[in-house]
Amino acid sequence: MNFKSITIFLLIVAIVGFISYSAIFGVNLGKYEITPAKENMKLGLDLEGGVFVVLEAQTDAQGAELEKKMEQAKAIIRQRVDGLGVAEPNIVLEGKKRIRIELPGVKNAQDAIDIIGKTAQLQFIDPKGNVVVTGKNIKRSEVTYQLNREKGREEPVVALEFDKEGTKKFAEATRELIKNANSKDRIIYIVLDDEVISSPVVSGTITDGKAVITGGFTVEKASKLATLIRAGALPVEMKEIQTSVIGPTLGLTSLDKSIYAAKIGLILIFLFMLIYYRIPGLIADLGLTIYILLVLGAMIYLDATLTLPGIAGLILSIGMAVDANVVIFERIKEEIRAGKTLRAAVDSGFKRALRTVIDANVTTFIAGVVLFKFGTGPIKGFAVTLLIGLVASMVTAVFITKYLLKLTIKMNITKNTKLYGA
Amino acid sequence: MNIIRNRNKFFLISLTIIVVGLVMAIVSGLNFGIDFTGGTLLQIDFGKKIPVSEIREITDQFDKNASILHAGDNKEQVIIKTTLDLDNKDRLEIFNKFKEKYNLDDEAFVQSQKFGPSIGGEIRTKALLSVIIATIGMLIYITFRFEFKFGISAIIALIHDVLIALSVYAIFKVPVNSSFVAAILTIVGYSINDTIVVFDRIRENIKIMKKDKYEEIVNKSISQTIVRSINTSFTTLLAIVVLYIFGVEAIKDFALPLIVGIIAGTYSSIFIASPIWYLLKTRVSDRNNYNPNRV
């Protein structure tokens, strides 16, 4: 018996136990608080519930022109989404013509899709029904203050600025409208999605492309109108080509069921390793626990999103981690059978098994990298967890299992090779 | 067990499954999910089991061919799948009809998904491309670490595993959807991982057993690694089977091909990859320099 080694071993068990406990339940140590891993993990839409929509631009534009339009469309969609008040929206360009919008935790999903997907354009229409300018002609739309002479105080107004084409068209239209005596015939209706959002009366010919909409606005109303005008200026029609709405209950059920399944799966693996390999099995279980902590830690640190396929990827990488242990232990068994002492068997077994483990994992790693590079959405999530898992499994197999195994041999509790699975 | 001598039996077993699968796939087609064909999925929670015929009363107004499945622990949910491209307005209209008839609240709309027809084609192209790139990458690595013939044999075993997985999809009509792609790629990774361990042992034994024939080397290498192959597959299967039993629908779609792939991967690394390597090795040495000890 070697008490120093036993103390170190027990200390490691205690530390791993403590970290596992705090990862599962969280710990509160006065000033320091460790929240459970589950709460720190960024969850994908399929686990948290929410909406994603992929919109495709209906345009023949290419190259720089398309790029510009897409950037513009993205900015406008961001504005629309901001209006929804979603905590962490994710809006990305996918490929050249697509925009992917992810809205975690959105409750009234259908409304959200409606607002985001609105493809109709903003139009300025004269009383005869002619379209004067459209949203794409608007360069600027914002709230400013202007003196109201009647009331004698500053009042919020919406200031607009048109582009070159818009300036010309707007000048022509206002020149015509101002000829009408009746103020009703001088109205320009601002229409968004067949809905009149403002109906200012033209008070003069506007030739410089800078118009101001007045009308006794409150700051709130003015900024809403300014935003609507900005948001209506979608430069290209967007079509909804892919949608996914996951209700919050489904997401929660998926997460709970997966965690439950993962727990049972892990317990079975732990039991199998313990029964089949005995002392090394116990070491493997300890190593696997450290492995899982490493993976969870890495995922939280890298801010990786956990998705349903991601959970499957995690479980698969646990399988790979077990594989590394199995390869090593089988090798050690062979060495013991060949008549080597325990210590020598562990050393040479490790050395020989290591090459196999590295070759096997590198090939899987190549597949994982390809998945990450070419996959989208959930497949990417799967690849990330698989890659993190592979790296972590190498680290545990190469360093941790080896160290622990040598430590147990040093502890000198038993020389019975049967307890080492032989 | 003399695996090399019985190699033709093992080839035949695999070939039979693959041929049956391919014939099934050609005759009745694969059961493509809506993310491959384009279409719409709606899942509604009724709180109790509703007969399919009642659901049809409403869905028939939209699509007479819509497929209707029960889901949830007590079959209280219904999944409606249609190949129609229903936009947000249509989806809401359908839900509202159910909502009115069964007095549901908004929360009952568990999920809805829509895939445009172009998405499926893209997923397929991308999947095929990823498999090819991953395969080439692995072939290069194995050639670099081992030799080209090991690489080729590993890739054949890998194609074997993918074909077996596809056959199971065809025979059991398992839906082919986007998680299927991730599953196939995982099988590719697993298959190689498993095969490498056996090849690694063959490579090692070639150096030790200089006087022996390839047949003996391969047989011995397999018998030395078979416990590890089985134990590894067993533990990985444990985790995935549990996930299949307790997981939600989306996970089940993913877990099933993995289960099949892992079994096929283990089988092929023992009974397919090594015999193929043996064939490649002996044929060439037959032709180039005849060595009576090595055949």
Side-chain angles (χ1 to χ4, degrees), chain A residues 46 56 108 110 113-114 117 239-247 249-250 253-254 257-258 260-262 264-266 268-269 272-273 276 308-309 311-313 315-316 318-320 322-323 326-327 330 334 352 355-356 359-364 366-368 370-371 374-376 378-379 382 386, chain B residues 43 45 87-89 91-92 95 106-107 109-116 118-119 126 129-130 133-134 137-138 141-142 145 178-179 181-182 185-186 188-190 192-194 196-197 200-201 204 224-225 227-228 231-232 234-236 238-240 242-243 245-248 250-251 254-255 258:
Chain A
D46 48 357
E56 189 175 65
N108 47 356
Q110 304 297 334
I113 295 178
D114 256 354
K239 199 175 158 220
E240 171 194 342
I241 56 161
Q242 193 186 341
T243 327
S244 167
V245 182
I246 307 281
T249 23
L250 180 66
T253 320
S254 304
K257 278 191 170 176
S258 308
Y260 182 68
I264 294 183
L266 278 176
L268 289 178
I269 291 176
F272 173 81
M273 293 300 280
Y276 197 92
L308 263 184
I311 291 178
I315 290 173
L316 195 77
I318 292 173
M320 302 281 188
V322 175
D323 180 50
V326 171
V327 171
E330 286 298 327
E334 276 178 51
R352 293 184 171 194
R355 197 174 60 173
T356 315
D359 277 337
N361 278 356
V362 169
T363 44
T364 309
I366 292 172
V370 172
L371 263 182
F374 293 92
T376 49
I379 295 179
F382 171 79
L386 185 66
Chain B
Q43 188 173 349
D45 186 345
D87 67 16
N88 189 35
K89 219 173 74 196
R91 293 197 298 266
L92 244 141
F95 174 66
D106 282 335
E107 297 277 301
F109 204 173
V110 180
Q111 68 161 329
S112 76
Q113 283 184 36
K114 183 195 117 148
F115 293 87
S118 62
I119 295 275
K126 264 194 177 172
L129 193 71
S130 335
I133 293 172
M138 293 187 286
Y141 180 78
I142 298 168
R145 291 282 295 173
S178 57
S179 57
V181 174
L185 283 154
T186 313
V188 168
Y190 187 89
I192 288 277
N193 191 311
D194 214 29
I196 290 292
V197 177
D200 202 66
R201 191 53 81 94
E204 195 182 318
Q224 281 172 334
T225 50
V227 174
R228 167 266 160 196
N231 280 0
T232 297
F234 180 71
T235 45
T236 313
L238 267 185
I240 294 176
V242 169
L243 201 62
I245 295 170
F246 296 105
V248 290
I251 279 269
F254 190 80
L258 284 188

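In what follows, every chain begins at residue 1, and chains take the letters A, B, ... in the order their sequences are listed.
- Chain B forms more heavy-atom pairs under 4.5 Å with one residue of A:D359, A:V362, A:V322 than with any other, namely A:D359.
- Pairing each heavy atom of B:T225 with each of B:V197, the nearest pair is CG2-O, 4.1 Å.
- When A:I366, A:T363, A:L386 are compared by the number of non-hydrogen pairs under 4.5 Å with chain B, A:T363 comes out ahead.
- Considering only heavy-atom pairs separated by less than 4.5 Å from chain A, the leading option among B:I142, B:I192, B:N231, B:D194 is B:N231.
- Chain A forms more heavy-atom pairs under 4.5 Å with one residue of B:R201, B:Q224, B:E204 than with any other, namely B:R201.
- To the nearest 0.5 Å, atom CD of residue B:Q43 and atom CD1 of residue A:I246 are 8.0 Å apart.
- Contacts of A:V327 with chain B are made by both backbone and side-chain atoms, with heavy-atom separations under 4.5 Å.
- Ring geometry for A:F272 versus B:F234: interplanar angle of 30 to 60°, hence tilted.
- For B:L243 against A:A261, the heavy-atom pair with the smallest separation is CD1-CB, 3.7 Å.
- Chain A forms more heavy-atom pairs under 4.5 Å with one residue of B:D45, B:I196, B:L129 than with any other, namely B:I196.
- Of all heavy-atom pairs spanning B:S130 and A:V370, the tightest one is O-CG1, 3.3 Å.
- A donor-acceptor pair shorter than 3.5 Å cannot be found between the side chains of A:Q242 and A:E240.
- Counting heavy-atom pairs closer than 4.5 Å to chain B, the top-ranked of the candidates A:R355, A:M273, A:R352, A:E56 is A:R355.
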